[in-house]
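Below is one structure, written out as structure tokens; comments come after it.
Just so we're clear, the structure is a prediction, and the values are computed from it rather than from any experiment. Sequence lines set the chain letters: A, B, ... in the order given, protein chains first and strands last, and positions in each chain run from 1.
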There are 2 protein chains.
Amino acid sequence: MAEANGAPRDVEAVSKFVESFAAQLVEAGMQRMPARVFAALLSSDSGTLTSAELGEQLRISPAAVSGAVRYLAQQHMVAREREPGSRRERYRVHSDQWYEALTNREAVIKGWERALREGVDSLGGGSPAGRRLAETLAFFEFVDGEVALMMDRWRIHRERHFGDG
Amino acid sequence: MAEANGAPRDVEAVSKFVESFAAQLVEAGMQRMPARVFAALLSSDSGTLTSAELGEQLRISPAAVSGAVRYLAQQHMVAREREPGSRRERYRVHSDQWYEALTNREAVIKGWERALREGVDSLGGGSPAGRRLAETLAFFEFVDGEVALMMDRWRIHRERHFGDG
DNA sequence: CGCTGGTTTCACAAACTTGTGAAGTTAAGG
DNA sequence: CCTTAACTTCACAAGTTTGTGAAACCAGCG
């Protein structure tokens, strides 16, 4: 843990966290560079870093930073900010925004539902296979609704425990 | 095998479903062969297929089948069954079992939680970064619990709408 | 206007992944 | 026990992904 004197961030400790959390994200399917960039932002005090800072901290080229943040911005996991009167960009992680992004695997689930619906249609609801697909579809529709409610409950829970961040 | 003229399975339609559902799974991060094998099982009437049937239907080698089912079995998405008095294996998808497997991204979430906990410890709960990590950790712990409850509700919902499959 | 710090795009080499044929292993059935 | 059907492992070729250096691009500032 860092001590008070000018709050020297323990570079070593931060790096250890970044790499280990990024590794988990990679395991869950995220690409390596976006995962590392995201972890770095998450563990920065201000919640923002510039391209240069990211490049230096992670030892990667400007090109890699550029690719990673483009991806993260598309997924709404980070926001881009231009600091006024400068050519520098800052990238920021909003906690709330990133939860939303996570649960917005919604797009993914919608894709599954579409494919399943077509399957049910073409195999017919009468066959055992058709019924299995219909049930699977029902499961995803159920989950969809429940996740939305769950996020509502989380916002309340969060408010109670953390105030608004 | 010849079709009884009552219920001819539309091979073309099944294949179309298999490929389109598998494509969705791939997009969500699953490997190609496991995704195709899984989709094929899901859309079979009996919910089971032998290695040979899988190989023929998907036009892939025995080696590919072997690799795919090993993966799926590890993830508890299919069960292996040996038909008694035969060298043939059958692979089966249990609907319930596969929902469980899906929500058992739990293993994944546990990994994230572990990494975050270490991060909170080493960065210290006092710093802004530490607090951000702590909140993120709290979110995952919250989700963990909620998902378990959601699955309970699903089982009831399912029972009502589908009887026990 | 053109210089300059900063970001993005592009082509490519290196690393990794994927699916295959073929050899190896296992066990049922003669 | 030996044969043989069925599954698994292995080494590799083909294909894909990844991150880089270098060039192109952009926008503030003098």
### Task
Provide, to the nearest angstrom, the distance between the OH atom belonging to Y71(B) and the P atom belonging to dT17(C).
14 Å

### Query
Parallel under 30°, tilted from 30 to 60°, perpendicular over 60°: which one fits the rings of W154(A) and Y99(A)?
perpendicular

Taking distance alone, no hydrogens or angles, what donor-acceptor pairs closer than 3.5 Å link side-chain atoms of residues 55-75 of chain B to residues at least two apart or in another chain?
{"residue": "S61(B)", "atom": "OG", "partner": "A63(B)", "partner atom": "N", "Å": "3.4"}
{"residue": "S61(B)", "atom": "OG", "partner": "A64(B)", "partner atom": "N", "Å": "3.1"}

#### Entry: Donor-acceptor pair, side chain of R92(A) and main chain of A79(A), under 3.5 angstrom
no

### Query
Sub-3.5 Å donor-acceptor pair from the side chain of R88(A) to the main-chain atoms of R82(A), do we have one?
no

### Task
Would you mind building the protein contact string for nucleotides 6-27 of chain D? One character per nucleotide, 5' to 3', B for base within reach (heavy atoms under 4.0 Å), S for sugar-phosphate only, - for untouched.
SSBB--------SSBB------

## Note on the structure
ring-ring contact (aromatic ring centres under 6.0 Å, His included) filter on H161(B), not counting sequence neighbours, yields H157(B)

#### Entry: Watson-Crick and G-U pairing of DNA chain D written in dot-bracket, each distance under 3.5 angstrom, with | for inter-strand partners
||||||||||||||||||||||||||||||

### Length of the line joining E56(A):CD and dT7(C):P, which is rounded to integer Å
13 Å

#### Entry: R158(B) side chain vs F139(A) backbone, donor-acceptor pair below 3.5 Å
no

### Query
What residues form a ring-ring contact (aromatic ring centres under 6.0 Å, His included) with Y91(B), not counting sequence neighbours?
none

### Task
Please list all pairs passing the salt bridge (Lys or Arg N to Asp or Glu O under 4.0 Å) test where one or both residues lie in residues 35-44 of chain B, with sequence neighbours left out.
E19(B)-R36(B)

